[in-house]
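To start, the structure itself, in structure tokens.
Quick note: residue numbers are just sequence positions, from 1.
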Amino acid sequence: MTELRRVDPRTLVPNPNNPRKTQPDARAEHQLALNIKTVGLIHAPCVRELEDGRLMIVAGHRRVRACIAAKLDEIDVHVRSGDEKSDTMAAVAENVVRADMAESEQWRGVLDMREKGATDTEICRAFMVTPAYLRGLMLLSQIHPPIIAAIDGGIGPSYTERNAIARTPLERQRDVWAEIWAESADEGSDPTDYEMSREDAAHFDWSDFVRYLDQVELYARDYEFDDETAKEAGVVWEEDLFGQGGEDNRYCTQYAAMFKAQQIWAEKTRPEGTIYLQSNEYGEGIAPDGYRKVGSWEMERDGDIPAIWVNPRTLQIQKGRLRELGEQSTRRTESDALSLPSAQNPEKPKERADISGTGLKIIGEVRTQALREALAAARESADPWDLTRISHT
């Protein structure tokens with residue numbers, strides 16, 4: 001039941017449990033006040049009558065502030081009957097569905113709803129979000145607060161990276177975060193609580209952070225670089241007191257330092273004439289301009305140039321070959337193609353299925369994984385309600 005009343009907006013009491021905690025944009029507030037002053041209040045705020053007779057705002061705090069700024073003496077309000085559970089649902093839904101709201105605020109609103117007895121089904125229906133979106137919000141309960149701040153600021157990890165981070169113990173997240181930002185934090189402050197800026201984000205790779213979390217103990221016996229290189233890269237060894245006797249039980253938990261040591265060692269030990277390559281996020285060497293990487297299935301040629309790089313996923317030194325691009329290379333390719341036995345003695349190939357049954361199964365699995373990744377990526381920018389409708393068509 002709701003009742004429309006005419007009241008002085010200055011007498012309305014703000015809701016102490018208002019889910020929106022971020023400071024409003026002053027310019028947007030001013031624009032709304034001017035708009036209300038010109039055309040009036042179109043949508044009446046929702047309020048609830050307290051035991052002492054005062055009216056508490058359930059939904060519409062921003063509109064009430066704008067009406068006061070516009071110097072309106074009276075406005076219409078909807079006085080609704082309800083309890084704390086329904087009020088909180090209305091307040092959060094007002095922000096989630098009709099206005100931008102930080103994910104951490106949505107998450108806290110959901111927690112508040114659950115504490116008041118709302119089921120996940122009720123929350124999804126009220127906020128018009130999918131269960132998958134709700135599960136994504138709940139990942140925040142397992143993520144280090146400065147990372148949540150980065151997510152709210154639009155510079156945080158992707159949904160896939162959040163899943164990986166959330167699977168890592170919070171203590172490990174805090175330790176790695178402190179290690180990364182030890183030199184960036186203000187003197188006397190705890191780097192564990194450092195909140196990255198947009199300038200920091202321009203040089204920060206969340207995929208590296210995820211890999212760093214996964215690399216817990218990197219043993220010296222698995223790498224070839226010497227003590228001088230380790231010192232140059234800043235590697236700090238620790239001793240595994242429970243390791244087997246007769247083995248090198250030194251280990252390091254600093255992924256960045258170990259990666260740097262491997263890069264320095266690869267440069268130091270590369271054979272004469274070998275090119276050192278940078279690597280991409282998939283661990284593949286990046287060919288310089290004018291060259292291409294030679295596939296492992298291609299025959300080696302005299303003009304091929306050996307190359308090495310460090311795989312950032314495994315920290316292992318990889319080897320490959322480069323081939324110069326251009327007309328000369330193309331002519332050689334054509335010449336080689338003519339010298340192949342199949343070109344000298346062309347035979348009609350045997351008829352067979354384009355793709356085997358196993359191949360079709362593999363392709364199906366790849367497509368399914370690609371669809372999952374595409375939906376995960378779309379979920380970050382698309383309306384969750386659209387994804388729900390699509391899934392039912």
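Checked by atom type and distance alone, the side chain of Ser279 never pairs as donor or acceptor with a backbone atom of Asn311 at under 3.5 Å. Put simply, the side chain of Asn163 gets close to the backbone of Tyr159: a donor and an acceptor are under 3.5 Å apart. In this structure a side-chain-to-backbone donor-acceptor pair under 3.5 Å is missing from Glu74 to Arg6. In terms of modelled atom types and a separation under 3.5 Å, the side chain of His61 and the main chain of Asn15 share a donor-acceptor contact. Not one N or O on the side chain of Asp175 forms a donor-acceptor pair closer than 3.5 Å with the backbone of Arg172. Here the side chain of Arg114 pairs no donor or acceptor atom with the backbone of Ile123 at under 3.5 angstrom. Looking at Gln173, its side chain does come within 3.5 Å of a backbone N or O of Ile165 through a donor-acceptor pair.
Glu298 has a carboxylate O that lies under 4.0 Å from a charged side-chain N of Arg323, or vice versa, which qualifies the two as a salt bridge. Taking a cutoff of 4.0 Å between a charged side-chain nitrogen and a carboxylate oxygen, Arg250 and Asp227 qualify as a salt bridge.
From Gln318, atom CD reaches atom CG of Leu277 across 11.5 Å, with rounding to the nearest 0.5 Å. Considering CD of Gln263 and NZ of Lys260, their distance stands at 9.0 Å, rounded to 0.5 Å. Rounded to the nearest 0.5 angstrom, Leu55 CG and Glu49 CD are separated by 6.0 Å. Atom NZ of residue Lys37 and atom CG of residue Leu72 lie 9.0 Å apart, to the nearest 0.5 angstrom. The CH2 atom of Trp237 sits 11.5 Å away from the OH atom of Tyr251 when rounded to the nearest 0.5 Å. Interatomic distance, Trp107 CH2 to Asp152 CG, rounded to the nearest 0.5 Å: 10.0 Å.
Across all non-hydrogen atoms, the minimal contact from His144 to Leu170 is N-CD2, 3.6 Å. Of all heavy-atom pairs spanning Trp265 and Glu224, the tightest one is CZ2-O, 3.5 Å. The heavy-atom pair separating Gly234 from Ala257 by the smallest distance is O-CB, 3.8 Å. Closest approach of Arg54 and Asp52 over heavy atoms only: NE-OD2, 2.7 Å. Of all heavy-atom pairs spanning Ile36 and Arg63, the tightest one is CD1-O, 4.1 Å. Of all the heavy atoms in Pro9 and Asp73, the pair that sits closest is CD-O, 3.5 Å.
Side-chain atoms of Tyr223 and Leu218, non-hydrogen and from C-beta on, do get closer than 4.5 Å to each other. The shortest side-chain heavy-atom distance between Glu267 and Ile308 does not fall under the 4.5 Å cut-off. The side-chain heavy atoms of Ile151 and Ser104, taken from C-beta on, include no pair separated by under 4.5 Å. Residues Leu4 and His78 form a side-chain contact, since some pair of their non-hydrogen atoms from C-beta on lies under 4.5 Å apart. Using a 4.5 Å heavy-atom cutoff, the side chains of Val310 and Tyr276 are in contact. Between Pro288 and Leu322, some side-chain heavy-atom pair lies under the 4.5 Å cut-off. A 4.5 Å side-chain heavy-atom check between Lys231 and Glu228 finds every atom pair outside the cut-off. Side-chain contact between Trp177 and Met196 is present, with heavy atoms from C-beta onward closer than 4.5 Å.
Heavy atoms from other residues, nucleotides or ligands lying under 6.0 Å from NZ of Lys268 number more than 12. Counted within 6.0 Å of CD on Gln244, heavy atoms from surrounding residues, nucleotides or ligands total 12 or fewer; the atom is thus considered open.
Follow the hydrophobic side-chain contacts under 4.5 Å out from Leu111 and you reach Ile143 in the same cluster. Cluster annotation: Trp309 is not connected to Phe225 through the hydrophobic network of ILVMFWY side chains, with a link wherever side-chain heavy atoms come within less than 4.5 Å. Transitive grouping of hydrophobic side chains (ILVMFWY, heavy atoms separated by less than 4.5 Å) keeps Ile317 and Ile264 in distinct clusters. In the hydrophobic clustering of this structure, Val64 groups with Val7; members are Ile, Leu, Val, Met, Phe, Trp, Tyr whose side-chain heavy atoms approach within less than 4.5 Å, directly or through other members.
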| query | Checking ring pair (Phe, Tyr, Trp, His ring centres under 6.0 Å) for the pair Tyr194/Trp181: CA distance, chi angles, key distance, verdict? | reply | CA-CA 7 Å; Tyr194 181 80; Trp181 301 112; 5.1 Å; yes
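Donor-acceptor pairing under 3.5 Å is recorded for the side chains of Thr229 and Asp226.
Classification of the Phe209-Phe204 ring pair by plane angle, with boundaries at 30° and 60°, yields tilted.
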